[in-house]
Amino acid sequence: MSEAELDARHAEKMKKKKAARDKILATKTVEKGLLIVHTGKGKGKSTAAFGLVFRALGNGMKVAIVQFVKGKWETGERKVLEKFPDQVTMTAMGDGFTWETQDRQRDIAAARAAWDRAKALIMDEEHDLVLLDELNIVLRYDYLDIAEVVEFLKGKPAMKHVVVTGRNAKDELIEIADLVTEMEMIKHPFRSGVKAQRGIEF
């Protein structure tokens, strides 16, 4: 078969594919704020969520971020987002990971304060998207009541997007989410003795 024949066959195939795709897209008419969950043991949960944050900013939206357990780490994304004070509200409520503080009551208090802040940001009329970074971690340790969190998120404003990250997402949260992505780890440099890299992990 000649190149011209291959090109013609390809063009016809793509024309049919586009027609089928357009037909499917025409049936998608609902517009709503999504509850998005990024979970799993693989790297990239927060990274993907911050990708959504930057996409929202590029569309002129206002974003709020509550980091539940990352404490005062100086991360690259925080440094960039500080350049958008009119569009971004960023709150780091945790004191680090629970194995660093080794103080359960302090962790519970930090989680509660972060959740109260998150609820206010979700219910306000200012922000279009709220990222609850590592909320799944505090839910895993039962520092917050999953039933309370689920009930609140079910009643969020209709057009508000909420993104939740962290491994081991609870089934109750997955059940009410609109979009759930599980990051699967196939290979990680940490397993080979490589420490966290600037610009990659933070």
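For E126, the CD atom is densely surrounded, since the number of other residues' heavy atoms within 6.0 Å is greater than 12. For R55, the CZ atom sits in a loose shell: 12 or fewer heavy atoms of surrounding residues, nucleotides or ligands are nearer than 6.0 Å.
With rounding to the nearest 0.5 angstrom, the OH atom of Y141 is 12.0 Å from the CZ atom of R104.
Salt-bridge formation is detected for the pair D124/K160: a Lys NZ or Arg NE/NH1/NH2 atom is positioned less than 4.0 Å from an Asp or Glu carboxylate oxygen. One finds no salt bridge joining K62 and D86 here, because no Lys/Arg side-chain nitrogen approaches an Asp/Glu carboxylate oxygen to under 4.0 Å. Electrostatic pairing of E151 and K119 does not count as a salt bridge here, judged by no charged N lying under 4.0 Å from a carboxylate O.
V150 places a side-chain heavy atom less than 4.5 Å from the side chain of K154. Considering only heavy atoms from C-beta on, L139 comes within 4.5 Å of L135 through its side chain. A 4.5 Å side-chain heavy-atom check between L121 and V66 finds at least one atom pair inside the cut-off. Looking at heavy atoms from C-beta onward, T89 lies out of side-chain contact with I65 at the 4.5 angstrom threshold. Within the 4.5 Å cutoff, the side chain of V162 has heavy atoms near those of the L132 side chain. In this structure the side chain of L173 reaches within 4.5 angstrom of the side chain of L35, judged on heavy atoms. Between F54 and L81, the closest side-chain pair of non-hydrogen atoms falls below 4.5 Å. Looking only at side-chain heavy atoms (C-beta outward), I122 and L153 come within less than 4.5 Å of each other.
Neither side chain, S46 nor H38, offers a donor N or O lying under 3.5 Å from an acceptor on the other.
Note on residues 167-177: pairs passing side chain to side chain donor-acceptor pair (under 3.5 Å), not counting sequence neighbours, are D142-K170.
Ring centroids of W115 and F68 are separated by 6.0 Å or more, keeping the two rings apart.
Summarising the geometry of K45 relative to T165, their closest heavy-atom pair is O-CG2, 3.8 Å, with the distance given to 0.1 Å. Contact detail for A169 and T39: the closest heavy-atom pair is N-OG1, 3.0 Å. Scanning all heavy atoms of the two residues, the minimum distance from M61 to H161 falls at CE-CD2, 4.0 Å. The two residues K156 and G33 have their closest heavy-atom pair at NZ-O, 3.0 Å. Summarising the geometry of A49 relative to L131, their closest heavy-atom pair is CB-CD1, 3.6 Å, with the distance given to 0.1 Å.
Note on V163 and L57: same hydrophobic cluster, where clusters join Ile, Leu, Val, Met, Phe, Trp and Tyr whose side-chain heavy atoms are under 4.5 Å apart, directly or indirectly.
Evaluation of the side chain to side chain contact (heavy atoms under 4.5 Å, CB included) rule for M159 yields E31 as partners, not counting sequence neighbours.
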